[in-house]
Every structure is written in structure tokens, then in C-alpha cells.
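By convention in this document, chain letters (A, B, ...) are assigned in the order of the sequence lines, proteins followed by strands, and residues within each chain are numbered from 1.
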Amino acid sequence: MTYELETAANPEQLRRVAIDPVSRVEGHGKVTILLDENNQVHQVRLHIVEFRGFERFIQGRPYWEVPVMVQRLCGICPVSHHLAASKALDVMLGIKQVTPTADKMRRLMHYGQMLQSHALHFFHLSSPDLLFGFDSEVAKRNVVGVAGAHPEIAKKGVLLRKYGQEVIRHTAGKRVHGTASVPGGVNKSLSSAERAELLKDAYQMVAWSRDAVQIIKQLHTATPELYDVFGHFESNMMGLVTPTGDLDFYHGALRAKDADGKIIFDQVDYQGYMDVVEEEVRPWSYMKFPFLKQLGRENGWYKVGPLARIQNCDQIPTPLAEGERKEFVAYGNGKPIHATLAYHWARMIEMLFAAEMIKDLLHDDDIEGKDLMVTGTRKPGTEAEGVGVIEAPRGTLFHHYRVGEDDLVTMANLIVSTTNNNQAMNTAVREVAKKYLNGKELTEGLLNHIEVAIRAYDPCLSCATHALGQMPLEVSLIDAAGTVIDQVTRNAQGICRIE
Amino acid sequence: MSEKKTFTLDGDDVAFEPGQTIIQAALAAGKYIPHLCYHPEFKPHGSCKLCTVKINGRPAASCTTAAQPGLSVESEIPEIQDQRRTMVQMLLVEGNHFCPSCEKSGNCMLQGLAYDLGIMSPHFPQIFPTRPLDASHADVFLDFDRCILCELCVRASTEVDHKGVFALSGRGINKHLIVNAESGKLADTDFALTDKAAQVCPVGVILKKRVGFAVPIGKRRFDATPMSVVIAEESKTKETV
């Protein structure tokens, strides 16, 4: 199934339909579909057409600049990059544990991030499809339409997101692209006034998050013929869990399960992530395709993010979210749920978990502590190294750096959450294309089915493109008559060839 | 007791001591005149031209012009502010100033001045010069991308530290800050973190290693109040930059 519908046998004979750009996602991507004269689908690809290159321009910069610089990858989940980089550089500095205040401030920042990102995705980006229907009137299929038809739902969505942003502001210094997490700890804790301000609304956010779970649960269970089968495919799943198997967005070890829910590996220290995960470059996309090494390219690809996390863990350490998780798992009747639209249900359970964690952390006096930083001893030698992994809103996020004796970064490798879901998203759109598009005249509503499948993953396409150096390129010089005069290609191994 | 002599700055009387320049007298009176290469502990340099004012209708650098009784000095007038804005915009494109990840952000005088002047974009095409940074020193790193050629480090290293670690080289658009060592590397000089030259950079060129972003947003020097107000307030009690 991995390569089915990826490359058509005779593309030159086929009609090309493009969805460009894919809307209501972060970043810029497009989908191309190749069909024959009978509208049978022969090829479907999700292309990531942005190019960033952060891995390269971090090189040569001082390491303490990295958590602040690298978060500019994204305006939606910068906190995840900020913290993953900080965690990697803690390790590089030989720091085993930051102070309780630093740990809890970072966690609070991250749970604020999860809350705002999940709220944004569900209410602003996806709820128009789910509440109005995938092929409903396009002019109303947006958050303004939701505000008109369901003002209470829209209001909660806006205020949940706002609250998450306020948590970030007080913990990171500002709502987007703060600077509070530094290698070795944090540069601030909460003041009593900041803590009181956040506590004031914390319980309301838990209540609204519960409501959000009920909305999506009712939608899912009321229409299983759609929600259970739309974009359904089986795959491995990966994410972080604690030593006791708890869900934890900030820290843990890697666990992967197969499509039947059996453990592939567990409690893998992410410092050795390269022993278990490998990336493949394919010539038609800027986004790499990671896979589990022990299963190989064809069978080793996996899902990350809410659907994987909720089913990868043994329990959620907050009562309300754990109750919802149990109900979710029970819905699968003993089998893992692989329905693409179940991502939404899982995501709202995670949002509830984040709200509960924020409330609990705000009751912990450590967040007003003054012990913010620790120092470590760097490994002697020419290069020090560290890996930081975190569960970002969209899934497992890897940051890996090497730093020279002069304190400058010599190597950076980022495997961004959305990259982990690359094959899964491609498979989802192919499944949807096969089921809903084959043999039909294409309409906007039908094409939106493809986008609905992509949206379920909440992809952040701008974050995910870092294949600089290995990126295949083709440059053509074409004269006024349209004749190709010259062509230079660079393949996935970086080898250039002049035609 | 003799009566203090005064000049007017934008219509307000400013008293001065004999020997004071216009900017010295203005700052002592808590009145801000924009500047980048001026520093109260060093002789006036007159190179950045940001402190240019109109004195009796003629433009002149306020850091190099002696205060005299009865002068009419105009600083915050549209004509002068427009020129300052243009000069700062030119500085912003001549180097590689990336405020979002610069640890000097919030404490940087170039950034503070740009905010004060209402600069929302660099306006001119970026030159993107190639200026490799120098991290060879154990305690300090140099990010030449941010240099505005104010020569404060050159003056501090020569006049106070007596080491002559820094100099400017080249002419015109090719002028740049260099390190006075055969290798060109800071590690091959006797520069130390305690040197005066390590304390005077108004932007983010000379920075102590491994402590970046120690001060949270909101607590940095120019976070809560515009730089012009901060410096004016501080100058009432002491000479400052």
C-alpha cells in the first residue's frame, strides 16, 4: 500500500488536477491528482512546496541563540521548537535535570502551546468541515460561518486559544516567539500576579475543553459510516511515554506500536533516535519520509500526533482526560483506531489533558520559584552533542545538534512532527481519492474531501521542509519558443548532472 | 554666584557649564538627542551623524559643537527626524541585523532608535554583506554582522585598555571592523572580558559567551519605555549612553 497511487505508470496520458494551495492548514502545500478519461485516479501526491533550510543556517551560530532562532520555523507551535532545542542543548551541556521551577515553567509553557494549537485547529480550521459537511457551501465553510451558525462554539474556540496564548505570554515573555527557555533552564518564573491571572480562568478552560470533547465524540459516534471509514488505513504509531507509560507531551522515551497495537519498541532513549528512525528523500517532495529502521522503508512508516499518542500510552495522568481516553479506546472494541477523522476526537482529549495540566501546574508553588538555572559539564572533545525530543501539537519533534569547542553549532538535524506523518498523509489522501473521487466528475466539494483528510493531521507544512543538501532540484533554461536549451538536475544524493 | 548660561533646545532653555557640548548639556538636563557613536566617557567622534541638529538654522553634530549662550537648537523637527530615519534605515541594510534572534534585542541602541523613529521596515534594499563571526575567544564572541562602525570598541581598547585590539579597515561601503592580530582572530589578542572595549558596544557585536537571553522579555532596558525616555531619565542623574 505504501507506494500505491504514488507514481502513475504513464503520467503523460493523464489529466492533472491540482489543489493549490491546500487551505486551512499551516504553511503551503498542494495536492496533485492524475486521472484518466474515465476519471479513474492513477496518482495522488501531497507536495510540500515551501523551502526553509533552518538546519543549514543554524550552523555557525552560537548555541544559546538556537532556541530563540529555530522557533521562527513556525508561528503556531514555536514553543515546541523553543523547548525541543533547549532540551537538546541541556544535554549538550551535560545537564541531566533542570531545576523544578525550570521544568514546570517549561511544561506550563508547552501545555499552553498544546491548548492554543489544538483549539485553533479544531475550532478555526476543521470545525467548518465537521459541522457543515465536507461539500457544504464553500462561502460559509470557514470560522466566520461557524461564528454565525454556532456562536457559542466559536466563542469557546476563540477564548480557549486566547487563554493558551496568555499562558505562553506569561511563561515565555510574549505570545509568539518568546525567549524564556534557555539552555540550562529558564530566565523567568511566574509572578504571583501572573499566576493569579491565569488561575482565574483555568477551571473554565477545563470545562470548555470537556465540552469540545463531547462535540467531536457525538459527531464521530453519530455517523460512524463516515467517521470510521473516511481515509481509513492501518499503520504503525509512535510517540513519547513516561517510564510508567503515561502520556507526557514534554518528556519521555520513544514507544512504537504496530497497527494491531503490539509494541515494536518501548522506552527507547531518544538520544539514540537514529538507531530506530531513518529518513528517505523522494524526488517529488521537499519533505522527507521517515520510517522505523527495523521494519524498513515499505513497512516502517508510522503515524504521530494525537491519534498515535492517545493509543500509544497506557494512561493519561489527569482524571477527566483519562476517562475520555478509556471511552475512546473502548470505541475501538479492542483494536487500535486508525480512522483519519478520529484524529479530531483524540486531539480534543489531548486539549482536555493540557487544560487539566495547566490547572494543576498553576497550583504548584514551584512555578513561582527563583531557582531558574543549572550548569553542567560539557563532554570534553571537539564536539558536544545533544538530542531533544518533545511531543509537539502535531506529533513527535526531534532536534539534534552538535556544537564545537568554540560554542558554534556544527550540525543540526530536525525531524519535525509533520514530517513524521508524511507517508500517513499521502496514504490518507490516496485512500480518500480511491473511495470518493474514482470515476466521478470532480467538484469543489469532492476535492475538499482530500483537504479534509490532510487537515485531520493538522499539518504544519512550513515547518516540515528541511531537506537542504539532499533536496532534488531541476533547473531548465527554455527559449522564447519553448524549447529546452539546457537543464541541470541534482539528485537526492546531491549529485549534479548537466543534460 | 554667576548666572548659568543657557541655549534653547526645541524651544526649552537648557543650562550648560563652560566646555560642555550641546549633547552633553542636553543629556545633563534630561533632554534626549538621538546618538549612536557618542558615549559620555569618550571624546566626541562625530561619525554617526545621528545627533545632528540645526543650530541657528545650520545643521551640525551636537556631540562636537560646543554649547554657547543664546544658541537656538532644533532637534525634534520633521526635517531632522526624516534625515535620522534615513540614516538608521541605511545602517539597517548595510549590516545583517536580525533582531528576532539577536540576544541584544531589547537592549540594542540601534533597535531602540529605530523604534523611536517609527521605522517599520528597512526601506532600502538589503546589502547582505558577508561578515563571518569570530568565536575563537574563550569568553567573548564577535558578530560583525551587527557592526555600525561607531568605533566605541576601537576607542575603548586604545584609550582605556591600551591594547588596540580593534580597528576599522577599508573605505566607504567596504569599511569594516577588524581585530588587530595577524590571524585576525580575537583569540590571538590579549583581549579580556573585563576590558572596557567589551562593555561599550551599543549593538550586538561584542558579547559575552554562554549567557545570551538571560534577561526575560519585559525586563530588558528598552522593553517597557522608549529608549529616548530611558536615556533622558537616566541622564538626569548621571552621564550615560
Exercise for the section: Heavy atoms only: give me the nearest B:L133-A:G60 pair and the separation to one decimal. Expected result: CD2-O, 3.7 Å

Exercise for the section: Answer yes or no: are there more than 12 heavy-atom neighbours, outside A:K359 itself, under 6.0 Å from its atom NZ? Expected result: yes

Handout entry: Residues in ring-ring contact (aromatic ring centres under 6.0 Å, His included) contact with A:F398, at least two apart in sequence or another chain
Key = A:Y273

Exercise for the section: Using a cut-off of under 4.5 Å on heavy-atom pairs, state which of A:A180, A:G173, A:G178 scores highest against chain B. Expected result: A:G173

Practice task
Tell me, for B:F141 versus chain A, whether the close heavy atoms (under 4.5 Å) come from the side chain, the backbone, both or neither.
Solution key: side chain

Practice task
Identify which of B:A135, B:P216, B:G218 forms the greatest number of heavy-atom pairs closer than 4.5 Å to chain A.
Solution key: B:P216

Taking only distance into account, so ignoring hydrogens and angles, what donor-acceptor contacts under 3.5 Å exist between chain A and chain B?
unit_1	atom_1	unit_2	atom_2	d
A:R61	NH1	B:D143	OD2	3.3
A:R61	NH2	B:D143	OD2	2.6
A:W64	NE1	B:E103	OE2	2.7
A:E65	OE2	B:R146	NH2	3.2
A:N187	ND2	B:F213	O	2.9
A:D406	O	B:K209	NZ	3.1
A:D407	OD2	B:K209	NZ	3.2
A:D407	OD2	B:R210	NH1	2.7

